[in-house]
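Here's the structure, in C-alpha cells; my notes come after.
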Number of protein chains: 2
Amino acid sequence: MLTIKEIAERANVSRTTVSRVLNNSGYVSEEAKKRVLKVIEDTGYVPSENAKSLRTKKTKVIGVILPKISTETSSRFVNGIDEVLAKEGYQILLTNTNLKPEKEIEFLRLLKSRHVDGIIQSATNINQPLVDEIFRLKIPFVMVGQCISGLSNVVFDDLQAIKDMVNLLIKKGHQHIAFIGVDEKDRAVGYLRKAGYIEAMKESNLDVEKSWIQKGIFDMKSGYDCMKMILDSSQNKPTAVVAVTDRLAIGAMQYIKEIGLSIPEDIAVAGMGASELSKVISPSLTTIDFSIEEAGREAASLLLEKINGQNNREIDRIIKYRLLERDSI
Amino acid sequence: MLTIKEIAERANVSRTTVSRVLNNSGYVSEEAKKRVLKVIEDTGYVPSENAKSLRTKKTKVIGVILPKISTETSSRFVNGIDEVLAKEGYQILLTNTNLKPEKEIEFLRLLKSRHVDGIIQSATNINQPLVDEIFRLKIPFVMVGQCISGLSNVVFDDLQAIKDMVNLLIKKGHQHIAFIGVDEKDRAVGYLRKAGYIEAMKESNLDVEKSWIQKGIFDMKSGYDCMKMILDSSQNKPTAVVAVTDRLAIGAMQYIKEIGLSIPEDIAVAGMGASELSKVISPSLTTIDFSIEEAGREAASLLLEKINGQNNREIDRIIKYRLLERDSI
DNA sequence: CTGAAAGCGCTTACAG
DNA sequence: CTGAAAGCGCTTACAG
C-alpha cells in the first residue's frame with residue numbers, strides 16, 4: 001500500500017504539504033501542488049480513510065440496521081436512504097438482523113465500534129434493552145417504523161391508514177369485514193393495524209365476529225390459511241377482508257379463487273404496502289402505499305441534520321400514505 | 001469516546017494487557033483478566049475498529065458494488081452474500097451505481113480507500129477502464145453476472161438457459177417464436193440471451209422473422225410496447241414469445257390480454273428470472289430461476305477463499321438454473 | 001508558503 | 001505473566 005509518506009518523498013515535499021493538497025486546505029504553492037498531483041496521478045494513490053478518520057473522528061459512513069434484507073420494502077427503503085446520503089458522500093454499512101432481536105444490540109455496538117457517523121434502524125418490535133443501548137450510544141440516531149420517545153422517529157400512520165381502508169369498505173356497503181393480521185409484538189404492523197381495524201368497525205357500530213380476526217405470519221401461505229380459517233369457522237361469512245400486508249392479502253385471494261368465489265363480487269380484498277405484486281395480480285389489489293422510499297429519504301435527511309448538529313432534539317416525522325383503490329374491492 | 005487507555009487505568013493494568021484480554025491472546029492472569037472484563041462491562045467500552053485495522057490491515061468489511069439497489073434481484077443477491085459473510089464476522093459496505101458506469105471506478109477507489117478486505121461486483125456492462133482499474137487495485141475481487149478473464153467470476157448460463165426455454169416451446173409445437181430482449185451492451189442479459197434464442201431457432205431450422213425480435217428496457221411498460229410491436233408488424237403472427245426478464249414478459253402478457261387473446265392458447269409467454277411476480281400473475285409465468293441467492297453465496301465463499309489466501313487463481317463458477325414450467329405456455 | 005512533531009486508538013515484538 | 005515503546009497512515013496546531 002502506498003502511503004502519504006511515499007508520495008511526499010516522491011514529490012519532494014513534506015507529508016504536511018501532501019495532506020494540504022489532498023484536502024485543499026492551507027497554503028500550497030502552485031509548484032508544489034502540481035508536483036504532488038502528478039505523483040498521485042502516476043501512482044494511483046488513495047489516502048487511507050481509516051487513518052484519516054482515526055484523526056478526524058469522522059468516517060462518512062452511516063450504519064443501517066434492517067430486520068430483513070431480502071424484501072421489497074427493505075430495498076426500497078435503502079434506496080431512499082442512499083439517494084440522499086450518496087449526494088453528501090456518505091457510504092452505507094449494512095447490517096441485517098434477520099428478525100433476531102438479539103442481533104440488534106450486537107449490531108449497534110458493532111456500528112459504534114466502526115465509528116459510523118450515525119445510525120438508521122428500521123425495526124419491527126422493540127424492547128427496553130435495545131432502547132437503553134441506543135441512548136447509551138450517544139450517536140446520531142433515527143428510528144424508522146416504530147416510535148421511541150426521546151429519539152427521532154420516522155413513522156407511518158398505521159392506525160389511520162387501515163381505518164381509511166376499512167371505512168372505504170364500509171362506504172361501499174360492507175358490514176362483515178374480516179381481518180388478517182400478524183403478531184402484536186410488532187407494534188406497527190401487528191398492534192396498531194389491528195387497533196385501527198377494530199376502531200373503525202366500532203365507530204361504525206359494526207359487530208366483529210371473533211373468527212373474522214386471524215393472525216398469520218409474513219407470507220402468502222399464511223394469508224391463504226387465514227382466509228380458509230375465516231371462511232370455515234365464521235357464522236356470518238364476511239363480504240370483505242383486509243390484510244395487514246399485500247402478501248397476506250394475495251394469499252387470501254388465492255384461497256378465495258380456489259374455492260370458486262370471485263373477487264370482488266363475492267368477497268372484496270384489500271392489502272397494505274403497495275408491493276409490485278399488488279399491481280400485477282388480478283384483480284389488481286387495493287392497497288396502501290406507505291411511500292417507503294420517502295421514509296428512507298426522510299430518515300437520511302433527519303440523520304444528516306443531527307450529524308451536522310443542526311438539531312439534537314426529538315423530531316418525529318409521519319410519512320404520508322396513499323390509498324390505492326383498485327379492482328379487488 | 002472511551003479508549004483502551006482509560007480502561008487500562010481503571011483496571012490498573014497496561015494497555016497491552018487490556019488488548020490481550022480483548023483479543024484473547026497471550027498470557028493474562030485470571031486476576032487481571034477479571035478486573036479488565038469488569039471495567040469493560042461497566043463502561044460499555046467498545047474498541048475502535050478503525051484504530052485496530054490501521055494496525056492489523058484487516059477491516060472485516062467487504063465492499064459490494066451493485067448496478068441498482070432497489071430490485072428484487074439485488075436484495076436477493078445481497079442476502080446470499082450476507083448469509084455467508086455474516087457467519088465469518090464480515091460487514092457489507094454497499095455502493096450503488098444506479099447504472100452509471102462512471103460510478104464504478106469511483107466506488108472501486110472508494111472501497112479501496114476504506115481498506116475493504118475484498119470486493120464483490122455485480123455488473124451489467126463492463127468496459128476496459130473498469131477492468132484495468134480492478135487489476136490495478138490488487139485486492140481480492142469477485143465479479144458476478146459478467147465474465148472477465150483473469151478475474152474470478154460467478155456467472156449464469158444465460159445462453160443455455162434461454163436455449164432450453166426456446167427448445168421447450170418448440171417441443172410443444174411452436175414454430176413462430178418471438179423474442180423480447182434488451183440492449184446488447186449488457187452482455188449477459190442483452191447479448192447472450194439473444195444469441196441463445198437465435199441459436200436455438202437455427203438448430204431447429206426455424207426461420208425468424210425480423211419483426212419478431214424487439215428490444216426494450218427493464219420494465220413492464222416496455223414489454224407491453226414490444227409485444228404490441230411484434231403483433232402489429234409481423235407477417236406471420238408468433239404463437240409464442242420469450243422475454244429476457246419476467247418484467248418484460250408480464251408487460252407482454254398485459255398487452256396480449258388487453259387485445260382479447262388468451263395465454264397460453266393463443267400465445268404462450270415465457271420470462272426469465274423467477275421473480276415473485278411470476279408466481280402470482282395469472283396465468284402463472286413459465287420462467288427460469290437463476291438462483292440469485294446462490295450466486296451471492298458463491299461469490300462470498302469465493303471471495304473468502306481469496307482473502308484467506310487459499311487461492312489466487314482465476315476461478316469461474318457457473319450457477320445452476322432451473323426451468324420452471326408453469327401455466328403461461 | 002512549508003515542515004517537524006504530536007497525536008488519534010489500537011497491536012505487537014521485545015525485554016523483563 | 002506484564003508493560004514500555006514503536007508504529008500503523010493520516011491531520012493539525014505551531015513555529016518558522
Side-chain angles (χ1 to χ4, degrees), chain A residues 1-37 39-40 43-61 89 109-117 137-139, chain B residues 1-37 39-40 43-61 89 109-117 139:
Chain A
M1 259 313 272
L2 232 38
T3 72
I4 197 173
K5 181 151 166 273
E6 188 147 351
I7 304 300
E9 281 166 8
R10 294 211 201 191
N12 240 309
V13 294
S14 71
R15 293 177 301 169
T16 310
T17 302
V18 176
S19 178
R20 285 202 184 100
V21 348
L22 246 22
N23 298 294
N24 245 307
S25 66
Y27 296 97
V28 184
S29 67
E30 275 308 311
E31 292 298 296
K33 189 167 182 177
K34 211 180 289 176
R35 284 209 307 281
V36 172
L37 253 20
V39 175
I40 290 176
T43 54
Y45 164 72
V46 201
S48 157
E49 285 296 325
N50 269 332
K52 192 169 178 174
S53 55
L54 185 57
R55 273 286 334 216
T56 60
K57 305 286 170 200
K58 300 217 166 300
T59 54
K60 283 279 184 176
V61 173
R109 295 206 176 144
L110 185 133
L111 291 173
K112 184 181 187 189
S113 78
R114 294 200 179 275
H115 295 280
V116 294
D117 292 342
L137 242 46
K138 296 200 189 314
I139 195 175
Chain B
M1 258 312 274
L2 233 37
T3 72
I4 199 173
K5 182 152 165 271
E6 187 148 352
I7 304 301
E9 280 165 9
R10 293 211 201 190
N12 239 310
V13 293
S14 70
R15 292 177 302 169
T16 310
T17 302
V18 176
S19 176
R20 284 200 185 100
V21 348
L22 246 23
N23 297 294
N24 244 307
S25 66
Y27 296 96
V28 184
S29 67
E30 275 309 310
E31 292 299 296
K33 188 167 182 176
K34 212 179 290 175
R35 284 207 309 280
V36 172
L37 253 20
V39 175
I40 290 177
T43 53
Y45 165 72
V46 202
S48 157
E49 285 296 325
N50 269 333
K52 192 168 177 174
S53 55
L54 185 57
R55 275 285 336 215
T56 61
K57 305 286 170 197
K58 301 216 165 299
T59 54
K60 284 277 182 179
V61 173
R109 295 206 176 144
L110 184 134
L111 290 173
K112 184 181 187 187
S113 77
R114 294 201 178 275
H115 295 280
V116 294
D117 292 341
I139 195 174

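The chains referred to below are lettered A, B, ... by the order of the sequence lines, with proteins before strands, and numbering in each begins at 1.
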Exercise. Searching all strands shown, indicate the nucleotide that pairs with C:dA4 (Watson-Crick or G-U wobble; both distances under 3.5 Å).
Key: none
Self-check item: Atom-to-atom span, CG of B:L2 to P of C:dC8 - whole angstrom
Solution: 14 Å
Exercise. Return the value, rounded to whole Å, for the distance between atom CD1 of A:I4 and atom C1' of D:dG9.
Key: 8 Å
Quiz item: Which nucleotide in the list C:dC1, C:dC10, D:dC10 gets nearest to the side chain of A:R15?
Solution: D:dC10
Quiz prompt | Any B:Y45 side-chain N or O less than 4.0 Å from OP1/OP2 of C:dC10 | solution = yes
Quiz item: A:E6 CD to D:dC10 P: how many Å, rounded?
Solution: 11 Å
Quiz item: Nearest of D:dT11, D:dA6, D:dA4 to any side-chain atom of B:R55?
Solution: D:dA6
Quiz item: With a 4.0 Å cut-off on heavy atoms, is A:K57 in touch with a base, just the backbone sugar-phosphate, or nothing at all?
Solution: sugar-phosphate
Quiz prompt | Between C:dT11 (C1') and B:K58 (NZ): distance, integer Å | solution = 14 Å
Quiz prompt | Verdict with supporting geometry, B:K112 and A:E49, side-chain contact (heavy atoms from CB on, under 4.5 Å) | solution = CA-CA 9 Å; B:K112 184 181 187 187; A:E49 285 296 325; over 6 Å; no
Quiz item: Counting only Watson-Crick or G-U wobble pairs whose two distances fall under 3.5 Å, which nucleotide matches C:dA13?
Solution: none
Quiz item: Can you tell me if the side-chain N/O atoms of B:S14 get under 4.0 Å from OP1 or OP2 in D:dG3?
Solution: yes
Exercise. State whether the side chain of A:S53 and the backbone N or O of A:T56 hold a donor-acceptor pair below 3.5 Å, judged by distance alone.
Key: no
Quiz item: Taking atom P of D:dC10 as reference, at what distance in whole Å does atom CD1 of A:I7 sit?
Solution: 9 Å
Quiz prompt | 5'-most by nearest nucleotide on DNA chain D - B:L54 or B:N12 | solution = B:N12
Quiz prompt | Nucleotide D:dT2, atom P - distance to CD of B:E31 in whole Å | solution = 9 Å
Exercise. Counting heavy atoms from C-beta on, name the nucleotide in D:dT12, C:dC14, C:dT2 closest to the side chain of B:R20.
Key: C:dC14
Practice problem: Report yes if at least one side-chain N or O of A:T17 is closer than 4.0 Å to OP1 or OP2 of C:dG3; otherwise report no. | Solution: yes
Quiz item: Closest heavy-atom contact between B:V13 and B:R35?
Solution: CG1-NH2, 3.5 Å
Practice problem: Answer yes or no: does a side-chain N or O of A:N50 lie under 4.0 Å from OP1 or OP2 of D:dC8? | Solution: no
Self-check item: Exercise: identify the closest heavy-atom pair between B:H115 and B:T59
Solution: O-OG1, 2.7 Å
Self-check item: Minimum-distance nucleotide to A:K52 side chain [options: D:dC10, D:dG3, C:dT2]
Solution: D:dC10
Quiz prompt | B:D117 side-chain N/O to B:K58 backbone N/O, donor-acceptor pair under 3.5 Å | solution = no
Quiz item: Can you check whether B:S29 has a side-chain N or O nearer than 4.0 Å to OP1 or OP2 of D:dT2?
Solution: yes
Exercise. Using heavy atoms to find the nearest nucleotide of DNA chain C for A:E30 and B:E49 separately, return the residue whose nucleotide is more 5′.
Key: A:E30
Exercise. Return yes when atom NZ of B:K33 has more than 12 non-hydrogen atoms of other residues, nucleotides or ligands closer than 6.0 Å, and no otherwise.
Key: no
Quiz item: Please give, in whole Å, the distance from D:dC1 C1' to B:K34 NZ?
Solution: 16 Å
Quiz prompt | Selection from D:dT2, D:dT12, C:dT2 that lies nearest to any side-chain heavy atom of B:Y27 | solution = D:dT2
Quiz item: According to a strict under-4.0 Å criterion, is A:S19 in side-chain N/O contact with OP1 or OP2 of D:dT11?
Solution: yes
